[in-house]
Asker: 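Take a look at the following structure, please.
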Amino acid sequence: SIAKKKKLREYNGHTEKVNTVKFNPDGMSFASCSQDNSIKTWDIISGELLHTLQNNLGNPNSFSYSDNGKYIISGGINRQINLWRSQNGKLIKNYPTKLSWITSVAYNPKGKIIASGNELEKTVVLDVEKGEQLCKLIGYSKKITSLAFNAKGDQLAIVNNGKDILLWDMLLGKITK
């Protein structure tokens, strides 16, 4: 049986609903994004608020850590993808999109590619260093609600309207079954 345990710590700092939390791969911190238009990073052991990432985020819907934990990408209703340095909370680069509000972002484990999904049935894959769009994945009929790369970075799982899961082969450039 599972014994009842006390909560370890409570982390307070957001003023509105929290949308998402994710652990940094370093194992020492985690981040939370909120409808208060911020992403906050926290020290797991001390409970200290490390950084507040805020730059006209406009309600961030999603964020993702890079595999090495050094970077965070975020996306939200402001139609921008933001690249942050997780150690100091500084904005490195902003990628404006012409798409609808961003519902999900994913960081490729190889570190040079990010993907974003939006409410208008599109997924955009970007080169992080150049800021160039590599491809736009279209052809599904509902908004994108979640994205994730596999460990090799050669497949992208796309959740379509919270019901259908599609696998996109990054090498072949098509949906696989």
Side-chain angles (χ1 to χ4, degrees), residues 5-97 99-119 123-132 143-153 156-159 162:
K5 302 282 184 180
K6 297 189 307 185
K7 65 181 171 186
L8 297 176
R9 181 174 315 287
E10 190 169 305
Y11 300 83
N12 296 307
H14 286 294
T15 58
E16 298 291 333
K17 178 184 169 191
V18 173
N19 298 326
T20 309
V21 295
K22 292 184 183 174
F23 283 97
N24 186 323
D26 70 6
M28 302 303 294
S29 62
F30 72 94
S32 54
C33 75
S34 167
Q35 290 180 3
D36 67 4
N37 299 329
S38 73
I39 296 173
K40 296 184 182 290
T41 59
W42 308 87
D43 182 278
I44 291 172
I45 295 171
S46 71
E48 176 186 359
L49 173 63
L50 299 173
H51 306 288
T52 298
L53 288 59
Q54 203 164 19
N55 181 45
N56 190 26
L57 285 175
N59 189 6
N61 292 312
S62 181
F63 73 94
S64 181
Y65 278 101
S66 61
D67 256 21
N68 61 12
K70 292 182 179 179
Y71 304 100
I72 294 173
I73 56 168
S74 65
I77 63 172
N78 67 354
R79 301 176 185 189
Q80 300 179 107
I81 299 168
N82 295 298
L83 176 65
W84 308 86
R85 192 172 313 281
S86 65
Q87 293 96 339
N88 61 15
K90 300 292 183 198
L91 181 66
I92 299 170
K93 195 164 192 171
N94 178 285
Y95 307 95
T97 69
L99 303 172
S100 172
W101 58 280
I102 296 167
T103 55
S104 186
V105 292
Y107 216 117
N108 185 294
K110 297 188 180 194
K112 298 189 188 270
I113 297 173
I114 56 178
S116 68
N118 66 56
E119 68 172 349
T123 302
V124 173
V125 179
L126 298 171
D127 178 302
V128 173
E129 293 172 350
K130 297 176 184 171
E132 296 174 355
K143 79 176 182 177
I144 306 307
T145 55
S146 185
L147 298 168
F149 283 100
N150 69 348
K152 291 181 183 177
L156 177 64
I158 303 166
V159 178

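Bear in mind that the values here come from a model prediction, so they are computed numbers and not experimental data.
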Asker: Pairs in or reaching into residues 105-116: which pass salt bridge (charged side-chain N to carboxylate O under 4.0 Å, His left out), with residues at least two apart or in two chains?
Answerer: K112-E129

Asker: Heavy-atom distance under 4.5 Å between the side chains of N61 and I102, does that happen here?
Answerer: no

Asker: Measure from the side-chain N and O atoms of N82 to the backbone N and O of L91, and report whether any donor-acceptor pair falls under 3.5 Å.
Answerer: no

Asker: Rounded at 0.5 Å granularity, tell me how far CG in N88 sits from CG in L50.
Answerer: 11.0 Å

Asker: Checking T103 now: which residues fulfil side chain to side chain contact (heavy atoms under 4.5 Å, CB included) with it, not counting sequence neighbours?
Answerer: W101, E119, I144

Asker: Give, for atom CD1 of I72 and atom CD of Q87, the distance between the pair rounded to the nearest 0.5 Å.
Answerer: 9.0 Å

Asker: Go through the structure and list residues passing side-chain hydrogen bond (donor to acceptor under 3.5 Å, both in side chains) with D36, not counting sequence neighbours.
Answerer: H14, S34, S38

Asker: With E132, which residues qualify under salt bridge (Lys or Arg N to Asp or Glu O under 4.0 Å), at least two apart?
Answerer: none

Asker: Considering only heavy atoms from C-beta outward, does the side chain of S86 approach that of N24 to under 4.5 Å?
Answerer: yes

Asker: Output all residues satisfying side chain to side chain contact (heavy atoms under 4.5 Å, CB included) with Y11, sequence neighbours left out; order by chain, then residue number.
Answerer: R9, F30, W42, I44

Asker: Test of understanding: with salt bridge (Lys or Arg N to Asp or Glu O under 4.0 Å), list the residues that count as partners of K90, not counting sequence neighbours.
Answerer: none

Asker: Measure the spacing between CZ of F149 and CG of L156 and express it to the nearest 0.5 Å.
Answerer: 4.5 Å

Asker: Can you sort out the partners of S146 under side-chain hydrogen bond (donor to acceptor under 3.5 Å, both in side chains), two or more places apart, ordered by chain and number?
Answerer: none

Asker: For D67, check side-chain hydrogen bond (donor to acceptor under 3.5 Å, both in side chains) against everything at least two apart and list the hits.
Answerer: none

Asker: Can you tell me how far apart NZ (K40) and CD (Q54) are? Round to the nearest 0.5 Å.
Answerer: 6.5 Å

Asker: Looking only at atom types and distance, does a side-chain atom of N150 sit under 3.5 Å from a main-chain N or O of G153, one as donor and one as acceptor?
Answerer: yes

Asker: Taking S62 for its side chain and V105 for its backbone only, find out whether a donor-acceptor pair lies under 3.5 Å.
Answerer: yes

Asker: Nearest heavy-atom pair of G131 and Y95: which atoms, and what distance?
Answerer: CA-CE2, 3.3 Å

Asker: Within this structure, what is the CD1-CZ distance for the pair I81 and F63, rounded to the nearest 0.5 Å?
Answerer: 15.5 Å

Asker: Taking the six-membered ring of Y65 as reference, does the cationic atom of K22 (NZ for Lys, CZ for Arg) lie under 6.0 Å from its centre and within 45° of its axis?
Answerer: no

Asker: Closest heavy-atom contact between E10 and N12?
Answerer: OE2-OD1, 3.3 Å

Asker: Please check: side-chain N/O of S29 versus main-chain N/O of T41, any donor-acceptor pairing under 3.5 Å?
Answerer: no

Asker: Hey, could you give me the CG/CG distance between N108 and L147, rounded to the nearest 0.5 Å?
Answerer: 12.0 Å

Asker: For S46, which residues count as a side-chain hydrogen bond (donor to acceptor under 3.5 Å, both in side chains) partner, sequence neighbours excluded?
Answerer: D43

Asker: Kindly give the heavy-atom pair with the smallest separation between P25 and G69, and that separation in Å.
Answerer: CD-CA, 3.8 Å

Asker: Is the closest side-chain heavy-atom distance between V128 and Y107 below 4.5 Å?
Answerer: yes

